[in-house]
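To start, the structure under review is shown below, and the notes come after it.
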Amino acid sequence: MSTKKDIYCYICPSHCALKATFDETGRMIKVIADSKSGEHCDICDCAKGPGTIPEAHSHGKRLQFPMKRAGERGRNQWLRITWDEALDTIAEKMKFYRDNFGPESIAMVLGEPKSMDYAFAQRFATFLETPNVITPGNYCGVQTGHADQFSIGTMHVLGDTQVDPKCIIIWGSNPQNTGSNFRCFAQKDVARALKNGAKLIMMEPGKNRYCEKADHWLKLKPGSDGALAMGMAKVIIDEDLYDKDYVAKYTVGFEQLKAEVANFTLEDAADATWIAADKIREVARLYATAKPGLIMWGNAIENSVAALQICRAISMLRGLTGNVGVPGGELINTPAVFGRPGRFYFDRGHPRPTFKSIGKEFPIAMGAAYVPTQSLVQTILTEDPYPVKMAMCHVTNPILTYPDSVATHEAFMKLSFLVVAEIFPTSTTAIADIVLPAALPLEHDSIAYWPAWLGHIRAQPKCVEPPGEAWPDSKMINELAKRMGMREHFFENWEESLDLMMADSGMSFKEFCAVRVLGPTKHYLKDAPEAYFKTPSKKFEFYSQQMAQLGISPLPTFKEVTTQRFGPEQFQRYPLHLTNGKEGAYFSSGYRHIEAMKKYKAEAICELHPDTAARYKLTDGEMIWIESAKGRIQQRLKVADHVHPNVVVAAFGWWDTEAEDNEYNWRKNNINILTEGDGATCPATGSVQLRGIPVRVYAEEESWGTPGRKAAA
Ligand SMILES: Nc1nc2c(c(=O)[nH]1)N[C@H]1C(S)=C(S)[C@@H](COP(=O)(O)OP(=O)(O)OC[C@H]3O[C@@H](n4cnc5c(=O)[nH]c(N)nc54)[C@H](O)[C@@H]3O)O[C@H]1N2
Ligand SMILES: Nc1nc2c(c(=O)[nH]1)N[C@H]1C(S)=C(S)[C@@H](COP(=O)(O)OP(=O)(O)OC[C@H]3O[C@@H](n4cnc5c(=O)[nH]c(N)nc54)[C@H](O)[C@@H]3O)O[C@H]1N2
Ligand code: SF4
Ligand SMILES: [Mo]
């Protein structure tokens, strides 16, 4: 007899409602979308949740037992050990490095939270007194979140699903693949608004399903989004299209913004973006007049040396057109009442010693409790200002996802002790000293609270057994904390933390499981005009004094947003502009072992315009080389009309999962061989340039020879 249970997808942060079927042995055999539940169910095109989840819980390659390295580091030879031996060894090493090199010599290296993993790791770092918590914040969520924070005083903002917008801009986001707008505005909301006549504008140098439906599709130069936004702001101001009443009543800094847009011409914006001035004018007029308007922005605008200011420039458009707080626009919300995750991470008695932190030069990073990923790599390699000896990785695969994989590999190989908690073998577990098998969500009780800025939480009770001896990350950290003398700050059983997180809601975790979900409340400006914006001025801030105090430009300038990491000299040798979006069928570098998803994509594919392919004598379907100043990789070519002739759209997160024993399996087709971590970065957030990397392409007949080869100089 099979049974069914209601679950939430844990693969991406959209957390769709799903229904799982279990056989009589308790094995999960099938997962389907639960679109009738009335809950959020915005299934991605490849249906990653239903496709991935059942296989993930019973996959033969899942890590099942703690293991220690048996051979030379990186040779992937392992000995099974007990949890006691694993945790005792880790605690012993940790005490040694803490006592001899200071707690800052130990790094907690984290990815996006899945359940309580991130919360436990942050709390552990607090009581260990290391400031060095590394997260993907330098390229994910922080730049858009802080742009909102400075413009409207909060990251808690969602689309209005009661009233349709008349104009939608999808800006560097791929909603049908990534769930990237999470619960901001779902695909069904977009479909309804379009059906009711809303106009659609795409800011997209590649392509996604929405491009063909769009009224305007701007194939802008990768990384030039700030110039486009400033150009649009100029049109809206110069042509008097801004919402005068709104600007007068609810904003500060308009005069400064007006003065700034007088500093450049629309032709300057056109030059910077590859978009004709007339086109910029046309979309600016449309967005300013077809009101209300909604900008669904995504990750592609967060990855450059001007990332924070680019996101701020785009956010200006919302203030100019009076689209924040109005029906059909973008609404500030109050998060569901539950334990603030920040309270769990930090402790008044143990302030983070940020003065010792790696990456302390990035003011936003310090405020948001993350160290930029490339700062960790550079510090390990240079030992400046001190050596980092040990790292614990949870829910992350740095060798694939950090910029400059060769440098990252070298740095992680240099660590004296590396612990990696994972669900599958990866290029990062391959070089660990100890590998810890992690239990996925649904294999243990958990609360899904990420992304925190959505103010939305879901109960995720255990419904399937973990494989072998896999443990939740939270349990690993809790048990390690006891061995590190932090018992009083942690729990007898880590699950007690779930009740603590729920305490403010007046519910226990068990009671919450019956309710299942707590959502935020959206507000309109008209209901509380004086208190709507949470900024110091209680207005929409084009000009932010807070930013000035942090040493960051208070207003985005055209000069700053058009600052390019790579100039014409680099593009002479490497004439094409490389960028990427996330894969539709996989989540970042994860889940490449899942057979069910291989029917969508089984290998790394890059796209080029037919003219570009012809220019370099490349044929559709062949393996081609993509080379940057940092190195070169191979991906299979797909010739595609929609790609701008100067652009290569490559695939992200790939490595050769079949060649697990090849310690260099991460070099072949991994896009981050081409990116850099030692160049200029966003001075506020530490974002690196992942958009518009200068590359060249060729088809030289040559097999993948010596691993680790770098491009000829
Ligand atoms: N299927 C799937 N879902 C995911 C993930 C995944 O790997 N796979 N990853 C998760 C994570 S970590 C994140 S951060 C989100 C991100 O999800 P999104 O916010 O959707 O971001 P991306 O997919 O990186 O890029 C979105 C689009 O931007 C385009 N683009 C590339 N360069 C530029 C540019 O310079 N300017 C503009 N305007 N557009 C550009 C790409 O072609 C792509 O279509 O998705 C999450 N969800
Ligand atoms: N060139 C380029 N680089 C990029 C990006 C890009 O677009 N282009 N995107 C960037 C962005 S936005 C992000 S967020 C990062 C993402 O980079 P990472 O933070 O490294 O994320 P993932 O690649 O998803 O790796 C997560 C790993 O956790 C494992 N895992 C899954 N669930 C669990 C669990 O419950 N416990 C444990 N212990 N492990 C688990 C998965 O198997 C996977 O290997 O990459 C960034 N790097
Ligand atoms: S969009 Fe896809 S991966 Fe994301 S939660 Fe929904 S089903 Fe899961
Ligand atoms: Mo991300």
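Both counts, for ligands and for their atoms, begin at 1 and track the order of listing. In this text the structure is predicted, and so the values were computed from the model without any measurement.
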Nearest non-hydrogen contact to atom 36 (N) of ligand 2 from the set I693, D473, T579 belongs to D473
Among non-hydrogen protein atoms, atom 16 (C) of ligand 2 lies closest to S588 OG, 3.8 Å
At under 4.0 Å between heavy atoms, which part of T401 makes contact with ligand 2: side chain, backbone, both or neither? both
With heavy atoms only and a cut-off of under 4.0 Å, state how N580 meets ligand 2: side chain, backbone, both or neither. side chain
Backbone, side chain, both or neither: what part of P136 comes under 4.0 angstrom of ligand 2, heavy atoms only? side chain
What protein heavy atom lies closest to atom 1 (N) of ligand 2? Include the residue and the distance to one decimal. N672 OD1, 2.8 Å
Answer yes if the side chains of H146 and T685 hold a donor-acceptor pair under 3.5 Å, and no otherwise. no
Quick check on K462: does its NZ atom have over 12 non-hydrogen neighbours (other residues, nucleotides or ligands) under 6.0 Å away? yes
Given side chains that start at C-beta, do those of R516 and D6 come closer than 4.5 Å, heavy atoms only? yes
Do NZ/NE/NH1/NH2 and the carboxylate oxygens of E583 and K601 come within less than 4.0 Å? yes
Give the residue and atom name of whichever protein heavy atom lies nearest to atom 31 (C) of ligand 2, and the separation in Å to one decimal. I423 CD1, 3.6 Å
Closest approach of any protein heavy atom to atom 10 (C) of ligand 2, naming residue and atom: Y139 CD1, 3.7 Å
At a non-hydrogen distance cut-off of under 4.0 Å, which region of F652 contacts ligand 2 (side chain, backbone, both, or neither)? side chain
Closest approach of F120 and S474, non-hydrogen atoms and distance? CD1-CB, 3.4 Å
Closest non-hydrogen atoms of A470 and L63, given as atom of the first, atom of the second and distance, are CB-O, 4.3 Å
Polar contact flag for S589 and ligand 2 (N/O pairs, less than 3.5 Å): yes
For E422 and T429, does a side-chain donor sit closer than 3.5 Å to a side-chain acceptor? no
For atom 27 (C) of ligand 2, closest protein heavy-atom neighbour: E422 OE2, 3.3 Å
At a 4.0 Å cut-off, with the gap strictly under it, does some heavy atom of D117 reach an atom of ligand 2? no
Does ligand 2 have an atom under 4.0 Å from some heavy atom of K582? yes
Under 4.0 Å to a heavy atom of K48 - the qualifying atoms of ligand 3, by number: 3 (S)
In the protein, which heavy atom is nearest to atom 32 (N) of ligand 2, and how far is it? L440 CD2, 3.7 Å
Are E443 and R62 ion-paired here, with the side-chain N under 4.0 Å from a carboxylate O? yes
Short N or O distance, T675 and ligand 2, threshold 3.5 Å exclusive: no
Where ligand 3 meets I43 - atom numbers and elements under 4.0 angstrom, heavy-atom basis: 7 (S)
Is ligand 2 under 4.0 Å from a heavy atom in the side chain of R691, in the backbone, in both, or in neither? side chain
Among all protein heavy atoms in this structure, tell me which lies nearest to atom 12 (S) of ligand 2, with the distance rounded to 0.1 Å. N299 OD1, 3.4 Å
Are R192 and D189 within salt-bridge range, i.e. N to O under 4.0 Å? yes
Does Y10 have a non-hydrogen atom less than 4.0 Å from ligand 2? no
K630 and D404 ion-paired at < 4.0 Å: yes
For ligand 2, indicate whether the residue V395 contacts it via side chain, backbone, both or neither (heavy-atom separation under 4.0 Å). both
Distance alone, cut at 3.5 Å: any donor-acceptor contact between the side chains of W171 and D225? yes
Show which atoms of ligand 3 fall inside a sub-4.0 Å distance from at least one heavy-atom site of D42. 1 (S)
Aromatic ring centroids of Y10 and H57 under 6.0 Å? yes
For the residue pair R458 and Y449, would you count it as a cation-pi contact if the rule is NZ or CZ under 6.0 angstrom from the ring centre and within 45 degrees of the ring axis? no
Side chain, backbone, both or neither: which applies to Y591 and ligand 2 if a contact is any heavy-atom pair less than 4.0 Å apart? side chain
State whether R209 and D45 are salt-bridged, where the test is any N-O pair (Lys NZ or Arg NE/NH1/NH2 against Asp/Glu carboxylate O) under 4.0 Å. yes
Hey, is there an N, O or S on C16 sitting under 2.8 Å from atom 4 (Fe) of ligand 3? no
When you compare ligand 2 with E112, is there at least one nitrogen or oxygen pair between them that comes in under 3.5 angstrom? no
Would A421 count as being in polar contact with ligand 2, using the rule that some N or O on each side must be under 3.5 angstrom apart? yes
In this structure, is the centre-to-centre distance between the rings of Y586 and W654 below 6.0 Å? yes
Using a distance threshold of 2.8 Å, state whether an N, O or S atom of C9 lies below it from atom 8 (Fe) of ligand 3. yes
If the threshold is 4.0 Å, N to carboxylate O, is there a salt bridge linking E603 and K598? no
For T396, which part has a heavy atom under 4.0 Å from ligand 2: side chain, backbone, both, or neither? both
Quick one about Q122 and Y118 (side-chain donor to acceptor, distance below 3.5 Å, no hydrogens or angles considered), yes or no? yes
Write out the residue and atom name of the closest protein heavy atom to atom 2 (Fe) of ligand 3, then the distance separating them to 0.1 Å. C44 SG, 2.3 Å
Protein heavy atom at shortest distance from atom 4 (Fe) of ligand 3: C12 SG, 2.4 Å
